[in-house]
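Each remark here refers to the structure printed beneath this line.
Bear in mind that the values here come from a model prediction, so they are computed numbers and not experimental data. The analysis underlying the following values was restricted to heavy atoms, covering all of them including side chains, and did not include hydrogens, waters or symmetry mates.
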Amino acid sequence: MKYRFEHEFACDPDTLMRTMFEEGLIEGLKPSLTRLLEGESLAWEGTSSGVKRRVRYLPVPKIRSVGPKKVDPRWMEWVEESEVDYSRARGRYRNVPTTPRVAELLKNHGEFEFVGLPGGRTRRVMTGELRVEVFMLGAIAERVIHAYAKEILDEEAGALARLLADRKRTA
């Protein structure tokens, strides 16, 4: 399944990118993210044109069972591997499940761009592809995961917007 998520922020693209890719950002946002049990920065590296990072996420379980089989919450955990190029206002990401069997079945990757808008605003556009390689049930799982990913990203965008507004007020 291909997807597209868009969020607007009250700042210029450079401010949004640099804030979004600050080292330790997830730990700072975590207290206001109700859909995440855990968020942890695993790696952060400045590059000549931007940042590369790895961040681990464990969401609040959305699916408790599939038929009679209980779903272990750790099956939903993933590591985001991403990088941003500040000069191009673009980046790419790959979300890798931490459970090996789930990682064999679920593939998720994509790109994001930061588009400057009138009035000093920025639109973050995330596009990507999500594949769950399970016969018959894969398409259903993709729709459930997509819907929950949207909830998680909408909440993250709200927390990020509040952080940017707080910083603007105190600057």
Would you please name every residue forming a side-chain contact (heavy atoms from CB on, under 4.5 Å) with P59, sequence neighbours left out? L36, M76, W78, Y148, I152
Is it true that atom CZ of R121 has more than 12 heavy atoms of other residues, nucleotides or ligands lying nearer than 6.0 Å? yes
Can you name the closest pair of heavy atoms from R131 and E133 and give their distance? NH2-OE2, 2.6 Å
Identify whether the distance between the nearest side-chain nitrogen and carboxylate oxygen of R18 and D14 falls below 4.0 Å. yes
Less than 4.0 angstrom from a charged side-chain N to a carboxylate O is my criterion; do R92 and E111 meet it? no
Verify the distance criterion only: is there a donor paired with an acceptor across the side chains of E80 and Y57 at less than 3.5 Å? yes
Any donor-acceptor pair under 3.5 Å from S49 side chain to D85 backbone: no
For the side chain of T99 and the backbone of R74, is there at least one donor-acceptor N/O pair under 3.5 Å apart? yes
Which residues pass the side chain to side chain donor-acceptor pair (under 3.5 Å) test with T34, not counting sequence neighbours? E155
T15 backbone acceptor or donor facing T19 side chain under 3.5 Å: yes
Do V96 and V84 land in one hydrophobic cluster if side-chain heavy atoms of ILVMFWY residues count as linked below 4.5 Å? no
Do any side-chain atoms of residues 137-147 form donor-acceptor pairs under 3.5 angstrom with protein atoms, and if so which ones, sequence neighbours left out?
{"from": "E142", "atom 1": "OE2", "to": "V132", "atom 2": "N", "distance (Å)": "2.9"}

Cationic N near anionic O, under 4.0 Å, R162 to E156: no
Relative to F21, does R53 satisfy both conditions: NZ or CZ under 6.0 angstrom from the six-membered ring centre, and within 45 degrees of the ring's axis? yes
If you measure from the Lys or Arg side-chain nitrogens to the Asp or Glu carboxylate oxygens, is any gap between E45 and K52 under 4.0 Å? no
If I compare all heavy atoms of E83 with all of F112, which pair ends up nearest, and what's the gap? O-CZ, 3.5 Å
Looking at E27 and K30, is any side-chain nitrogen of the basic one under 4.0 Å from a carboxylate oxygen of the acidic one? no
Quick check: does any side chain N or O of N95 sit under 3.5 Å from a backbone N or O of H109, one acting as donor and the other as acceptor? no
Quick check: does any side chain N or O of T47 sit under 3.5 Å from a backbone N or O of G50, one acting as donor and the other as acceptor? yes
State whether E6 and R124 are salt-bridged, where the test is any N-O pair (Lys NZ or Arg NE/NH1/NH2 against Asp/Glu carboxylate O) under 4.0 Å. no
